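Quantities reported herein were computed from a predicted structural model and do not represent experimental measurements. Lettering follows sequence order; numbering is per chain, from 1.
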Amino acid sequence: MSEQQVYEPRIVAFLCKWCSSAGSDLAGVSRIQYPANATPITVPCTGAISPMYIMSAFNKGADGVLVSGCHIGDCHYIEGNYLARRKMKLIMELLEFIGVEPNRFRMSWVSAAEGAKFAKVVTDFVNDLKPLGPQDKLKKAEHT
Amino acid sequence: MTKKRTGVFVCHCGTNIAATVDVAKVAKEMAGENTVAFTQEYVYMCSEPGQESVVQAIKDNKLDSVVVTCCSPNLHEKTFRDNAERAGINNFTCEIANIREQCSWVHNDKAKGTEKAIKISRSVVRRVNRNQALDAVAVNVTRRAMVIGGGIAGIQAALDIANAGIEVVLVEKQATIGGRMLQLSETFPTLDCSQCVLSPKMVEVKRHPKIKLMTYSDVQEVTGSVGNFRVKVHKRSTFVDPDKCKICDHCTVVCPVVVPNEYELNLTARRAIYIPYAQAIPASFTLDEDACLGLNPVVCGKCKDVCEAGAIDYDMRSQTVVEDVGAIVVATGFDLYDQANMQELGGGKIEDVLDGLQFERLCSASGATQGHVLRPSDHKEPKEVVFIQCVGSRDPAKHCAYCSKICCMYTAKHARLYKKHVPDGRAYVFYIDIRSGGKGYEEFVQRTMEDDDTLYLRGRVSKLYRHNGKVRVLGTDTLTGQNVEIDADMVVLALAMVPSKGTTEIAKVLKIGRDKDGFMAEAHPKLRPVESVTGGIYLAGAAQAPKDIPETVAQAGAAAAKVIALLSQATLNRSPLIAKVRRSHCTGCGMCVEACPFIAIRLEGGKAVVNEALCEGCGSCSATCLRAAIDVKNVTQLQIYEMIEACLAV
Ligand SMILES: Cc1cc2nc3c(=O)[nH]c(=O)nc-3n(C[C@H](O)[C@H](O)[C@H](O)COP(=O)(O)OP(=O)(O)OC[C@H]3O[C@@H](n4cnc5c(N)ncnc54)[C@H](O)[C@@H]3O)c2cc1C
Ligand code: SF4
Ligand code: SF4
């Protein structure tokens, strides 16, 4: 399969255990279909996601990185997602600074009750990444 | 580190997984992983033979860690961890790769689904390589409970728990317990007197040696977790010593201040010093600090002068009390939807348009009119009364989307009570449809409808306004298609039940979730209806959803049973997935101390130290530490990096 013809962006999706991972489970239970581009990694909280994880994902060849957690104010750990939101803003600026399209990084709030929203977040992200083409600015040589 | 011997067990889940994921290929790919010593696929891994084969395979192949690629860990993580333990290995060396909810069920392209399932499985295999064997942390349980809210839900829960021999702290924000039930006149479907059934329970609460009652109090702060909560309760001053107050009522006679009486839903007034109801528990007067002329004998001091019992103390101060409890029941109840939101029905500004609770007070012998149904504007007996159901309910566009569940029933009751008080009166009931599920409920409504002077009209009311000393009601009868116009003496609105004021705040303090309508959210709608998502916090009564008294009492009993079961254990197992500091890497910068939402980290001798009792394992610290010196066990930075790599491998 040639990449030019059917380019499928590769996404790492960091999901918090309490809300977005449960929301993605609900999408499953409801059999809501969405593209298979995003591979989930469940973490305790979006607050546990180090900016380094995101850079590492780009390094290792991700075309997009998604971080999804509880709605602001609903964090299981009180304020983890506030911390995350602050950090993630920095990520956007950093990406822009080093010349990677900041839209390759996305943050969303999906609760355990929002299966359909989870599916939409992934679908939209895949659609928005497609026109950008493969990310190779940060990709390390050994991963190409 | 010696090389791991991981077993990977791939479940077909019938065709649930196998239809969109090539399970054989997943197993084959995993077999190629460096640390995988064994792979197996099976049609239903969670079935009895499936589980047995996992146990057997662990033993036969000397596996030291396990990955089951199957459904969500929320379903079977415990199942397979128990199996790991049965087979003699540590249960924390077993992890689940979710290839059903997060993969096979949401993709229909088999090639892509399989590719993703492989990535997910591989990432979990890599994670498990670095999983440590961990032991659940046993923590002692505080054998005491707290109930927040002293309505019938809280009263029932407190009594049930206390009768099991467990001490209970019952916290009520108002000056008396009893909640809404104390405001009701008679109750459907038996029409027995509400206070008569409730008062003995209230007295029992007061007298129970195992119940500590704190009225006029608010929960301010909750720390800790299941088994060991620490709660800060703010007890406002009532300026009257309940042990001395003789309820002689001398003070109210002399108090010059008159304010609306919120306990009578503002139908009457009260003094600055007052007792909410004759049946109030604690049986004592309360001095309303905001209304009083200044708690100062120079300014007024009349009540103190006449109080022979010497119960009044202007210097009494509010207190903050700390209570340690192992479990909490939330029973904060409901309010009625604010009439101000119902602009088309006058927005609460039209005289003689009442809400259901106000009507209860008009019927109640202990109410403002001593049980005579008299309309507020001129104290005359209303001869035509219109009752309107579903006000603010079942209206997703403008108001509450849900059905408040009990209004059909209490409106039928209101029509009956009205006819009892005003036998020559006429009642009209506007309804959308009648929902009367419940023992004896349908019969109750039918009997009300059969009354010749009670007219049930199917339809919505479009407008209310004052007209010639009456309230004009404009509506449509959708069964006949005709417009209806009634000049009523009084109108009663069956307003939607909404979470009580302060629910948002108390949910935040407790760190429990709320549902889309703002009620307290249960952990599972079918299987865990009285638990919140937070361990050790349970729900009862109308705080969780609109419900009537029988249902409230049943739920309160269920919540109490859960509390009793929890507190019957001497120790509890806490998740060992908590933070750990690598002292050699820690420079003592203190960034993690700042980041921790649970104040679980302190610096000691220039190094971060985690308080294991407080750490919840959120990982905020590890995401902040620039030197990777702090990690949550089994979710370490190194593990995440390897999972990322696995997700992106082609
Ligand atoms: C008009 C009307 C008529 C009704 N008639 C009937 C009937 O005939 N039969 C029937 O079965 N049901 C009837 N009901 C329903 C009944 O009132 C409820 O089922 C019942 O009151 C629910 O009890 P609860 O304890 O959950 O809530 P509530 O009665 O609302 O009690 C909650 C208590 O918690 C306290 N509280 C709230 N927040 C806090 C906080 N943060 N801290 C401390 N305390 C707090 C409140 O002050 C209150 O005392 C009627 C309801 C209405 C509106
Ligand atoms: S001191 Fe306050 S409560 Fe007492 S009589 Fe005067 S105004 Fe009323
Ligand atoms: S994981 Fe870290 S930040 Fe979270 S509670 Fe534990 S010590 Fe605090």
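Of all non-hydrogen atoms in B:Glu101 and A:Val29, the two that sit nearest each other are CG-CG2, 4.2 Å. Residues B:Cys618 and A:Cys45 share a closest heavy-atom pair of O-CB, 3.6 Å. What you find for A:Gly28 and B:Trp105 is that their closest heavy atoms are O-CE3, 3.4 Å. Contact detail for A:Ala48 and B:Ser622: the closest heavy-atom pair is O-OG, 4.5 Å. Minimum interatomic distance between B:Ala623 and A:Gly47 (heavy atoms only, all atoms of both residues): CB-O, 3.1 Å. Of all the heavy atoms in A:Pro40 and B:Lys116, the pair that sits closest is CD-CE, 3.9 Å.
Of all the listed residues (A:Ala36, A:Ala57, A:Pro51), the one sharing the greatest number of non-hydrogen pairs under 4.5 Å with chain B is A:Ala36. Ranked by heavy-atom pairs under 4.5 Å with chain B, the first of A:Thr42, A:Ile11, A:Ile32 is A:Ile32. The residue among B:Ile120, B:Thr624, B:Val635, B:Leu577 with the most heavy atom pairs within less than 4.5 Å of chain A is B:Ile120.
Heavy atoms of A:Ser30 lying under 4.5 Å from chain B are absent altogether. Looking at A:Lys17, there are no atoms closer than 4.5 Å to chain B (heavy atoms on both sides), in backbone or side chain. Proximity to chain B (any heavy atom under 4.5 Å) is shown, for A:Ala112, by neither the backbone nor the side chain. Of the atoms belonging to B:Asp109, not a single heavy atom falls under 4.5 Å from chain A. Of the two parts of A:Phe14, only the side chain, counted from C-beta on, holds a non-hydrogen atom closer than 4.5 Å to a non-hydrogen atom of chain B. B:Asp631 does not touch chain A: none of its heavy atoms, backbone or side chain, sits under 4.5 Å away. Proximity to chain A (any heavy atom under 4.5 Å) is restricted, for B:Asn74, to the side chain, taken from C-beta onward.
Atom-to-atom distance recorded for A:Met52:CE and B:Leu626:CG is 9.0 Å, nearest 0.5 angstrom. For the atom pair CD (B:Gln637) and OG (A:Ser56), the distance works out to 10.5 Å, reported to the nearest 0.5 Å. Taking CD from B:Gln102 and CG from A:Leu15, the interatomic distance works out to 6.0 Å, rounded to the nearest 0.5 Å. The line from CZ of A:Arg31 to CG of B:Asn108 is 12.5 Å long, rounded to the nearest 0.5 Å. Atom-to-atom distance recorded for A:Asp25:CG and B:Leu75:CG is 7.5 Å, nearest 0.5 angstrom. Here A:Ser24 contributes atom OG and B:Asn98 contributes atom CG; the two are 6.5 Å apart, rounded to the nearest 0.5 Å.
Surrounding NZ of B:Lys633 are more than 12 heavy atoms belonging to other residues, nucleotides or ligands, all under 6.0 Å away. Other residues, nucleotides and ligands contribute over 12 non-hydrogen atoms within 6.0 Å of the CD atom of A:Gln33. Annotation for A:Lys120: atom NZ does not count as buried by contact number, only 12 or fewer foreign heavy atoms lying within 6.0 Å.
Using a distance-only test at 3.5 Å, with no hydrogens or angles considered, a donor-acceptor pair links the side chain of B:His107 to the main chain of A:Tyr34. Using modelled atom types, one side-chain atom of A:Lys60 and one backbone atom of B:Tyr641 make a donor-acceptor pair closer than 3.5 Å.
The side chain to side chain contact (heavy atoms under 4.5 Å, CB included) test with A:Ile41 is passed by exactly one of B:Arg127, B:Met643, B:Gln639: B:Met643. Each of A:Val12, A:Asp63, A:Asn59 was scored for a side chain to side chain contact (heavy atoms under 4.5 Å, CB included) with B:Leu648, with one residue passing: A:Val12.
Using a 4.5 Å heavy-atom threshold, the side chains of A:Arg10 and B:Lys119 count as touching.
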